[in-house]
Each structure stands twice: as structure tokens, then as C-alpha cells.
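Counting starts at 1 for both ligands and their atoms, following the listed order. The chain is numbered in sequence order, starting from 1.
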Amino acid sequence: MNVKTVGILTGGGDCPGLNAVIRAVVRRGDALGYKIVGILEGWRGLLENKVEPLNLESVSGILYRGGTILRTSRTNPLKHPNGMATLQQNLQVHGIDALIAVGGDDTLSVTDGLFQRGVCVVGVPKTIDNDLSGTDYCFGFDTAVNIATEAIDRLHTTAEAHNRVMIVEVMGRDTGWIAVAAGLAGGADLTLIPERAVDFDQICDVVRKRSERGKYFSIIVVAEGVKLLLESGQPGQVRQGHITDEFGHVQLGGVGTVLARELESRLGMETRVVVLGHVQRGGSPTAFDRILATRFGVAAIDMVHQNEFGKMVALQGNQIVGIPLKEAAKGPRPVSAELYATAAAFFG
Ligand code: F6P
């Protein structure tokens with residue numbers, strides 16, 4: 001394939017480091033002689049022909065900026081009439097010979113669908129939740145962990161001053177990577193993650209034992225995706241509403257408040273909840289995330305240059321490798337048993 005023009009898009013939830021990927025693709029792409037075009041707002045932009053050229057000027061000064069200059073959406077082309085065919089057709093209309101798609105499992109599954117239709121694609125893995133299969137780390141995660149850790153540090157002093165249980169709700173739809181990492185770094189007294197069943201007796205035990213040794217406050221970190229016994233009598237995630245996005249995801253949030261109510265009634269201790277929410281996804285990426293995102297961007301355009309399509313770049317150990325796009329769709333990668341056990345050694 002003689003590639004001359006390369007398109008790039010960012011899909012799904014944003015996270016710090018996306019601009020570093022875009023900058024790396026444009027800078028390296030320019031040096032290799034490619035014309036780079038940006039597709040705005042993820043798959044929606046390709047369906048609606050929102051495409052604009054990118055050059056060295058467009059990516060100047062964006063390395064440290066959060067968000068994505070291309071903007072993003074959770075549009076699922078499969079939910080639009082002839083969506084996949086329209087994507088393919090519009091790539092041709094704009095003369096895009098190869099596409100770099102930066103996104104999570106949803107975006108990358110569509111990318112793989114395009115590959116099956118004969119489109120030259122390369123994927124770049126992205127999720128703040130850090131749970132994509134095939135890569136040890138996603139950029140944005142380190143930034144989120146640092147933000148959550150700072151919040152936990154700050155909550156310690158106020159929790160201690162008031163003898164309170166403080167619940168910190170962090171992101172993590174299916175897995176508890178942010179919760180476990182921030183809990184470890186911030187010295188949480190307990191961390192609850194979607195991979196493990198919640199045991200209220202254990203939680204109360206931890207808080208009581210702390211009181212017995214003169215620690216009249218506790219910090220509990222909870223991932224938003226933790227399942228609780230709901231009013232229906234069935235275990236389930238706590239939702240903010242019943243609207244789902246085009247990939248079928250509900251809006252999560254509120255598990256901390258449900259937990260707080262239950263703990264207050266069981267322990268008779270004042271309990272407060274802090275939901276970190278999108279603060280974790282905002283702002284400037286850490287140096288680690290800038291470096292990882294830059295390595296991914298350079299590797300992605302290099303793969304285009306080597307005609308290696310149908311793959312995504314990934315970090316395995318300390319090496320950037322190319323793996324089949326299908327790997328990303330293998331389901332969320334759970335928190336490693338070793339990491340959780342290390343965090344658990346400090347519970348109580
Ligand atoms: O999938 C990443 C994530 O940040 C989840 O942790 C969270 O549940 C969700 O996205 C939030 O999505 P939105 O930005 O659409 O509210």
C-alpha cells in the first residue's frame with residue numbers, strides 16, 4: 001500500500017495525553033513525508049465529514065494540554081444506518097489512505113471492523129481506567145492516580161480532625177486500577193474494587209479495629225463500578241440515570257453515597273463522601289503520561305510507514321510492541337492479584 005495521507009481521530013472518553021499522541025503522529029509523520037489530517041469528534045466526525053488538515057503549527061504547544069484538540073465522542077457507527085460503509089466511503093472522499101484511531105475497546109472494535117473491510121488501520125490504546133487487554137499501561141492513568149492521591153492526602157487531615165469515615169469515589173467502570181493505585185499511594189485504610197465482592201462486615205471490622213488502636217478516622221477508596229446489593233435484592237452497579245451511550249454503557253456514580261448510608265447506620269460514625277469524577281480526567285498530563293503517549297504516537301506512525309496494519313501499539317514490560325487489534329477486545333484486564341495483595345497488606 002502506498003500511503004500518502006494519514007488520518008487520526010480520538011474516540012471515547014478523553015484523558016490526559018491524547019494531545020501528546022496527536023503531536024507525535026504529526027511531527028513524526030511530517031518527518032517521514034506524510035500528509036496528516038485530523039478527524040474531529042471521533043467516529044461522528046468521520047460520519048459527518050468533519051475533517052481538517054494538521055500541520056506542525058496545529059500541534060505546537062499542545063504537549064502539556066489535557067483534552068484533545070480533535071475533540072471526541074462516544075458515537076458508535078454500528079448504531080447508524082450504513083455506518084461502517086459510510087466511514088469507509090468518507091475515508092476515500094478525503095483521500096485518507098491509512099487511519100490511526102486512538103481509543104478504548106469500543107473505538108478499537110470499530111477500528112478492527114474497518115480493518116476487516118480492508119481499511120489500513122493502526123490503533124492506539126487509551127482508557128483512564130487502565131484496563132485494556134494487551135497493554136500494561138494506558139496514558140492518562142498515571143495522571144488520574146496522581147490527582148486521586150493528592151485528594152486522599154488532603155482528605156486525611158479533615159477526616160482525622162472530625163473522627164470521620166471519608167469515602168473517596170474514583171473512576172473505574174469494570175476494574176479498580178485507579179482505586180488500588182491511588183489507595184496504595186495515599187495510604188487508604190480500605191479499597192473496594194469491582195473485581196471483589198463487598199463485605200460490609202469486613203468494612204465495619206476495619207473501621208472498628210482502627211478506633212480500638214486510637215485511629216478514630218478511616219479513609220475508604222471505592223471504584224465507581226463496585227457492585228452492591230441493590231433495592232431489587234440483586235447485586236449491581238449504582239447508576240446516575242438510565243440513559244446508555246451508543247455502546248451500551250450506563251452513567252455510573254453514587255456508590256460512595258450508598259456505602260456511606262449503610263456504614264453510618266451500622267457504625268454510628270459520621271461519614272462523608274467525595275466523588276472525584278471527571279477531575280481525574282482533566283488538566284495537564286504527568287511526565288510519565290506525556291512520555292508514554294509520545295512513544296505510542298511515534299510507534300503508530302512508524303507502523304503505518306512499515307505497512308503494519310490491523311494492529312495496536314502496546315506497552316509490554318518496557319517495550320512498545322504491535323499486537324493484533326482483537327487483543328483489545330478481550331475484555332477488561334483485572335487488577336493484578338499481586339498489586340491488590342500489596343494494597344490489602346495496609347488495610348486496617
Ligand atoms: O471509561 C472511562 C470512564 O472515565 C469511566 O471510568 C467512567 O465511568 C466513564 O468513562 C465516564 O464517562 P463520561 O465521560 O461519558 O461521563
Does ligand 1 have an atom that lies less than 4.0 angstrom from a heavy atom of His249? no
Quick one: which ligand 1 atoms are inside 4.0 Å of a heavy atom on His278? 13 (P), 14 (O), 16 (O)
For Gly172, the ligand 1 atoms whose distance to one of its heavy atoms is below 4.0 Å: 6 (O)
Sub-4.0 Å heavy-atom approach of Asp129 to ligand 1: yes
Should the pair Arg208-Glu212 be classified as a salt bridge under the 4.0 Å nitrogen-to-oxygen rule? no
Is it true that His162 and Tyr216 share a donor-acceptor pair across their side chains at a distance under 3.5 Å? no
Between Phe288 and Tyr137, is the ring centre distance below 6.0 Å? yes
Quick check with a 6.0 Å cut-off and a 45 degree axis cone: is Arg74 positioned over the face of Phe247's six-membered ring? no
For Arg117, the side-chain hydrogen bond (donor to acceptor under 3.5 Å, both in side chains) test, sequence neighbours excluded, returns Gln88
Against heavy atoms of Met171, which atoms of ligand 1 measure under 4.0 Å? 4 (O), 6 (O)
Selected option - heavy-atom contact closest to atom 11 (C) of ligand 1, from Gln280, Arg281, Lys126: Arg281
Applying a heavy-atom cut-off of 4.0 Å, say which part of Ile128 lies close to ligand 1: side chain, backbone, both or neither. side chain
Please determine whether any non-hydrogen atom of Arg74 lies less than 4.0 Å from an atom of ligand 1. yes
List for me each residue that meets side-chain hydrogen bond (donor to acceptor under 3.5 Å, both in side chains) alongside Asp106, sequence neighbours excluded, and say none if there are none. His249
Protein heavy atom at shortest distance from atom 7 (C) of ligand 1: Glu224 OE2, 3.1 Å
Is the positively charged end of Arg210 above the ring of Phe217, judged by distance under 6.0 angstrom from the centroid and angle within 45° of the axis? yes
For ligand 1 and Gln251, I'd like to know whether there is a polar contact (N/O to N/O, distance under 3.5 Å). no
